[in-house]
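Please read the structure below before turning to the comments.
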2 protein chains.
Amino acid sequence: MFFEIALSYLLCIFKLLFKTQTKQISLFSMYEELKYWYLRDHKLFRVLSFAQIKQLCIIVGFKKANKGEIIYFSNSETPRIFLLKRGAIKIVSLDEDGNETIKDIVQKGDLFGELTLESDSVVNEYAKVLTDEVSICSFLLSDFEDLMLRNPNLALGYTKFVGLKMKRLKNNYSNLVSKDARTRLIAFLKDWAEKEGVFENQKVTLGNYLTQNDIAQIICTSRQTATTLLNEMVESGLLEYNRKEIIIPDISVL
Amino acid sequence: MFFEIALSYLLCIFKLLFKTQTKQISLFSMYEELKYWYLRDHKLFRVLSFAQIKQLCIIVGFKKANKGEIIYFSNSETPRIFLLKRGAIKIVSLDEDGNETIKDIVQKGDLFGELTLESDSVVNEYAKVLTDEVSICSFLLSDFEDLMLRNPNLALGYTKFVGLKMKRLKNNYSNLVSKDARTRLIAFLKDWAEKEGVFENQKVTLGNYLTQNDIAQIICTSRQTATTLLNEMVESGLLEYNRKEIIIPDISVL
DNA sequence: TCCTGTTTGTAAAGTAGCCGACAAAAGCAT
DNA sequence: ATGCTTTTGTCGGCTACTTTACAAACAGGA
């Protein structure tokens, strides 16, 4: 098993600081430091200075969870935005008829939660942990709004970020309308490869934390169809597939 | 042919002003006045004061067009945001295979264009005028960004606005995934009624500027299916339908 | 190790909605 | 009116998918 990333970060910073300037560094300030790094490496917050982030202290929660765990985050008393620091989760929504659909796969470094800045109580969403373990930090929507009001650059950046999400969704939408399941599967695999794949020339290796059922839901088809398509692709040599990893021998011919 | 709306508006204001206070009002300042009102009645800009809007002068273009006209706006040299002042248009996108899909129906008071603040040259979109005539004004994306940087409140408001669009799209998406064509048609009609319908108790009247083909594209089905469904609904008394208007006798039973 | 729940594989039957084809109706310009 | 274009109505065949159903393979805990 691995240590919590927060801990390792802390340790690292701790060591460094001890060597150079042990005196006035309290544990509290190290905690602040940590928050800084957590936010710091999200591109959204790059526009802010070190001092600014430190000052703001908007992170109010850390959380760690293991595979299979379910994290409820919608209709919470106080709306929050979450930042996934490690691992991957899926956002699942339960509609009135009781069937669950995958809204999104959130990976390391991604934000999720009330991204539209308006909490709507109607939707019933929760997150399910896909990887061995995840760590998540969160801040209050209201704090974030204040922060944006004081930093128009951040607001602009955030708007573009939401815009990007929107563009992706639009793309999925038009795929769903005009392309068949096979094409959608290929598009999804390419996407996934681009985001997380390890490239060796044309060969791409993906750590596979999705079941075929997950994949099916993402590309909006039935589990059986997804299974058949995947096996067909394995058959024709486009793919190597098992529960642990997916290898695409040559992504250019996918 | 009709005159440019800007011109006619100008003329109108011009006349009025001449009667009351001819002295210090220059033509320039009247033009400013006009811009003010155009922006003013979009809720997004309510956070700005009269003086602020006047100062900003971000509107750079007016345009008027008639039914059936096509307005190209994507991949223009300088990215803009447009504000539809009157009428309705559809945003159509042409994909690589040459089939056109309706991206959006834009009604009076709505914004369209590079809403995500990032121009992407990939998509090939244009607008087609649906109503007898429309008037449109536009401003430069860069001006708008500057404006937001100076008015964080506006930036926040805009983000929420984009978020709302996103929410709508998400909703459509999940309808498309889990509901059949009939349900989608009903959902669309309800939506439309809410946005533009004239209510008399449970009876709603809609000015119909869409062809059945348009409707079909909006709910993502074939024209034939849409036609059949509509006729079925007329048959069963849920609807009165003709090319000019749609009447829903009782929206509660739709 | 076995046992149990989850995930994957496969087949057959059923179906919503697409597509092509054609005709009638409506709108529009001359 | 007269033609010409767009829109609407209707039919049947077709197909990509869903659903149901069951079995094999796997994974993880006791």
Side-chain angles (χ1 to χ4, degrees), chain A residues 1 66-70 90 92 97-102 128-133 175-186 208-236 239-246, chain B residues 1 66-70 90 92 97-102 128-133 175-186 188 207-236 239-246:
Chain A
M1 288 267 80
N66 296 311
K67 189 167 186 166
E69 259 186 75
I70 286 175
K90 60 177 175 182
V92 183
D97 310 347
N99 38 22
E100 56 171 38
T101 51
I102 292 189
K128 191 164 184 187
V129 180
L130 294 171
T131 49
D132 279 351
E133 43 178 359
N175 273 350
L176 185 51
V177 172
S178 61
K179 308 278 197 288
D180 65 359
R182 150 170 261 109
T183 315
R184 261 150 35 215
L185 175 58
I186 291 171
N208 181 17
Y209 46 77
L210 296 174
T211 67
Q212 296 189 354
N213 197 14
D214 287 334
I215 295 176
Q217 284 185 273
I218 292 167
I219 63 169
C220 298
T221 186
S222 67
R223 198 219 89 223
Q224 291 87 327
T225 307
T227 302
T228 313
L229 287 174
L230 281 170
N231 287 335
E232 268 175 42
M233 289 173 76
V234 169
E235 203 81 352
S236 61
L239 226 59
E240 288 171 49
Y241 184 99
N242 67 54
R243 276 142 129 117
K244 291 274 169 247
E245 61 178 10
I246 298 176
Chain B
M1 289 266 81
N66 295 313
K67 189 166 188 169
E69 260 185 75
I70 286 175
K90 59 176 176 182
V92 182
D97 312 347
N99 38 23
E100 56 171 39
T101 51
I102 292 189
K128 192 164 183 186
V129 179
L130 294 171
T131 49
D132 279 350
E133 43 178 358
N175 273 352
L176 185 52
V177 172
S178 60
K179 307 279 196 289
D180 66 359
R182 150 170 262 107
T183 314
R184 261 150 36 215
L185 175 58
I186 290 170
F188 164 70
N208 180 18
Y209 45 79
L210 296 174
T211 67
Q212 296 189 355
N213 197 14
D214 288 333
I215 296 176
Q217 285 185 273
I218 292 167
I219 64 170
C220 297
T221 187
S222 66
R223 197 221 87 220
Q224 291 91 322
T225 308
T227 301
T228 313
L229 288 173
L230 280 170
N231 287 335
E232 268 174 43
M233 291 173 76
V234 169
E235 205 81 352
S236 61
L239 227 58
E240 287 170 48
Y241 184 99
N242 67 54
R243 275 141 130 119
K244 291 272 170 248
E245 62 178 11
I246 298 176

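All chains are named by letter (A, B, ...) in the order of the sequence lines, taking the proteins before the strands, and each is independently numbered beginning at 1. Just so it is clear, the values below take in all heavy atoms, side chains as well, and ignore hydrogens, waters and symmetry mates.
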Just the rounded figure in Å: distance from [atom2] of [N] to [atom1] of [X].
X: B:Leu130; N: D:dT6; atom1: CG; atom2: C1'; value: 15 Å
X: A:Asn208; N: D:dC26; atom1: CG; atom2: P; value: 15 Å
X: A:Lys128; N: C:dT6; atom1: NZ; atom2: P; value: 9 Å
X: A:Lys244; N: D:dC26; atom1: NZ; atom2: P; value: 13 Å
X: A:Tyr209; N: D:dA27; atom1: OH; atom2: P; value: 19 Å
X: B:Leu229; N: C:dC18; atom1: CG; atom2: C1'; value: 13 Å
X: A:Lys179; N: D:dC17; atom1: NZ; atom2: C1'; value: 18 Å
X: A:Asp132; N: D:dA27; atom1: CG; atom2: C1'; value: 13 Å

To the nearest 0.5 Å, how far apart are [atom1] in [X] and [atom2] in [Y]?
X: A:Thr183; Y: A:Leu176; atom1: OG1; atom2: CG; answer: 12.0 Å
X: B:Thr101; Y: B:Ile218; atom1: OG1; atom2: CD1; answer: 11.5 Å
X: B:Leu185; Y: B:Thr228; atom1: CG; atom2: OG1; answer: 11.0 Å
X: B:Arg184; Y: B:Lys179; atom1: CZ; atom2: NZ; answer: 10.5 Å

Original post:
Start at the 5' end of DNA chain C and walk down; is the nucleotide closest to B:Lys67 or to B:Asp180 reached first?
Top reply: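 Comparing both residues, the 5'-ward one is B:Asp180.
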Original post:
Which is true for A:Thr225 with a 4.0 Å heavy-atom rule: it touches a base, it touches only sugar-phosphate, or it touches nothing?
Top reply: base
**OP:** May I ask you to say what B:Thr221 touches in the nucleic acid, namely base, sugar-phosphate or nothing, with a heavy-atom cut-off under 4.0 Å?
**Re:**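 Sugar-phosphate contact only - B:Thr221 comes under 4.0 Å of backbone atoms but never of a base.
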Original post:
Any idea which heavy atoms bring A:Leu130 and A:Asp214 closest together, and the distance?
Top reply: CD2-OD2, 3.9 Å
Subject >> Base of D:dT6 paired with side chain of B:Gln212 (donor-acceptor, under 3.5 Å) >> reply: no
Proximal nucleotide (of [options]) relative to the [X] side chain:
X: A:Gln224; options: D:dC17, D:dT20, C:dT8; value: D:dT20
X: B:Arg243; options: C:dG17, C:dT8, C:dA26; value: C:dA26
X: A:Ala181; options: C:dG20, D:dT18, D:dC17; value: D:dC17
X: B:Arg223; options: D:dT18, D:dG9, D:dA21; value: D:dG9
X: B:Thr227; options: C:dC18, C:dG20, D:dT8; value: D:dT8

**OP:** Tell me whether the OP1 or OP2 atom of D:dT7 has a side-chain N or O from B:Asn213 closer than 4.0 Å.
**Re:** no
Subject >> Side-chain N,O (A:Asn231) to OP1/OP2 (C:dT8) below 4.0 Å >> reply: no
